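These notes are about the structure you will find just below.
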Amino acid sequence: MHMNLTNLTIKKFQEGLKNKKFSVFEIAEEYFKHIEKKDPEINAYISLLKESALKKAGEADIKKAKGETLAPLTGIPLAIKDNILIENEITTSASKILENYKASYDATVIKKLKNEGAIFLGKTNMDEFAMGSSTENSAFKKTKNPRDVSRVPGGSSGGSAAAVAADMAVAGLGSDTGGSIRQPASFCGVVGLKPTYGAVSRYGLMAMASSLDQIGPITKTVEDAEILFNAIKGFDPMDATSQRLTTDNLQPTTTKNLTIGLPKEYFIKEGLDDQTTKAISEAIESLKKAGIKFKEISLPHTKYALSCYYIIMPAEVSANLTRFDGIRYARIAGRGSQTETLKEIYFRQRGEGFGPEVKRRIILGTFVLSSGYYDAYYAKAQKVRNLIRKDFDKAFDPSAGGVDVILTPVSPTPAFHFGEKTDDPLKMYLSDIFTIPANLAGLPAISISTRPMENPPVGFQLIGKHFKENDILEIGKLYESR
Ligand code: GLN
């Protein structure tokens, strides 16, 4: 059997399976064949889960043959970022310190997807502990952008985005702390959704910065992002920040009366490259033709978002990563001398186990939290975060003629070349300038590729009100239907 995997979406898979166009096993096998051919060049995966995937696929076919009802996502082949735990599978966060760490339980999102029948093809490459914007910070390999292999796939969920873009999975999961789902989706010409903070359980996600992290889908279409989001969302007692949704949040939206705001601070000429400006203007025109109203708005504290993020995020990173001492979770091969003290063990394990970017952030975070500097940096950044949040509240306030959704670029430039920004961390950090505010404010945001696809691809971002994923998804579907 030879299948065209390029056009296969979750939706089409479901239809094909129903109409007996293929079996679950055939599709899974086809994906592994394609991965074995393609991934030596792209390097999207850190590890493959072939045996368990094919076994599950076979079991699903038997169930189907017996006439049993199948769970909605039965057989959907997914790529999972390697900071999300799958029980009994190696989960590394692309770090040497976790090289041989085997997860002892399923993340809540994995448990939900297993219950829905999905199949996991493998664990994908990423920047170490999700710190980076190009996947170049992985301790293991460099993932290439399938649309142009001389360029980075974006990061930190570069492996999942590349796997979906190169047809090595129907869809995938990533995590987003400052843009790590949306920016790689944009660079690879696919769709990435960062849900509202609290919409999806983070239980079983290796924490980077806990007040910002969210898990979300990376897919080929907005429709697929919606399907996957609906499968993973919901309250979870294991994550204290997860929320119970009210019925109002679940109301379906019609795009008819929605107004989109264009924040002037995001469209400053000097910061934005020409190809990006042009592609996004065309996307706006297309939505205008579809009847969507636009309005200029202001988010005045935008200019502080990046600095604010680079204080709060490392502070949380430095606390979250203390647990990795080389003794718990994983053990780096090779022992020190018999007389090594506990402190020496920690120094050696963390010294050898963490890469330079992770160390930089731990040091930065420890500094901004230290007594004497706490008020000057960390406490101040929290206040600024509040101002950024209030900017959005005001822009969305219906009683002040506010908008329903905000449209912005995802990144100031399309995918850059390998090594272009690795020497200058600040340059790398700047590529997240448009995605970070949604994390600071906890808002849902989606990255959608402009059509026809540019080379390299360009994405635009839709930011919605808290728990109003429906609004951005509906506008996204409207755009893709044109
Ligand atoms: N690129 C950003 C950073 O380096 C965002 C990372 C993320 O969202 N995980 O922090």
Side-chain angles (χ1 to χ4, degrees), residues 80-84 93-95 124-139 143 152-161 172-188 192-195 197 200 202 205-218 305-318 320-321 354-365 368 381 385 410-413 415-416 420-422 424-447 459 461 463:
I80 308 295
K81 188 175 183 179
D82 208 19
N83 59 353
I84 299 173
S93 259
S95 180
T124 55
N125 198 24
M126 54 187 282
D127 287 297
E128 186 177 2
F129 286 107
M131 299 175 203
S133 312
S134 66
T135 311
E136 289 167 293
N137 291 337
S138 164
T143 301
V152 302
S156 65
S157 312
S160 287
L173 287 187
S175 68
D176 191 312
T177 304
S180 278
I181 289 175
R182 290 160 286 158
Q183 186 255 26
S186 169
F187 280 17
C188 292
L193 170 69
K194 181 201 87 73
Y197 186 75
V200 174
R202 294 172 300 114
L205 168 70
M206 286 181 185
M208 176 181 161
S210 307
S211 77
L212 302 157
D213 299 339
Q214 265 292 285
I215 298 173
I218 296 180
L306 195 70
S307 332
C308 173
Y309 173 82
Y310 273 94
I311 292 173
I312 291 173
M313 175 274 297
E316 295 182 17
V317 159
S318 72
N320 275 328
L321 267 64
F354 288 138
E357 184 61 29
V358 173
K359 285 179 187 157
R360 177 162 29 244
R361 297 196 192 194
I362 292 173
I363 293 169
L364 203 61
V368 299
R385 180 177 190 172
V410 176
S411 181
T413 67
F416 40 90
E420 211 177 302
K421 302 192 180 189
T422 37
D424 183 352
L426 200 59
K427 229 168 151 191
M428 189 72 92
Y429 297 169
L430 278 167
S431 69
D432 303 310
I433 195 152
F434 299 140
T435 45
I436 280 171
N439 298 79
L440 289 171
L443 298 165
I446 192 168
S447 165
Q461 171 173 241
I463 306 173

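Just so you know, these numbers come straight off a predicted model, no measurement behind them. First listed ligand is number 1; within each ligand, the first listed atom is number 1.
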Show your working on side chain to side chain donor-acceptor pair (under 3.5 Å) between Ser160 and Lys81 and close with a plain yes or no. CA-CA 6 Å; Ser160 287; Lys81 188 175 183 179; over 6 Å; no
With sequence neighbours excluded, tell me which residues meet side-chain hydrogen bond (donor to acceptor under 3.5 Å, both in side chains) with Ser186. none
Residue set satisfying side-chain hydrogen bond (donor to acceptor under 3.5 Å, both in side chains) with Asp82, at least two apart, ordered chain then number -> Thr92, Lys123
Are the side chains of Arg361 and Met313 in touch, meaning some heavy atoms are under 4.5 Å apart? yes
With sequence neighbours left out, write down each residue that passes side chain to side chain contact (heavy atoms under 4.5 Å, CB included) with Ser138, or none if nothing qualifies. Ala94, Asn125, Phe140
Shell of residues surrounding ligand 1, defined by a 4.0 angstrom heavy-atom cut-off that is strict: Ala130, Met131, Gly132, Ser133, Ser156, Asp176, Thr177, Gly178, Gly179, Ser180, Met208, Tyr309, Tyr310, Arg361, Asp432
Just checking, is any N or O donor in the side chain of Ser95 or Glu128 under 3.5 Å from an acceptor N or O on the other one? yes
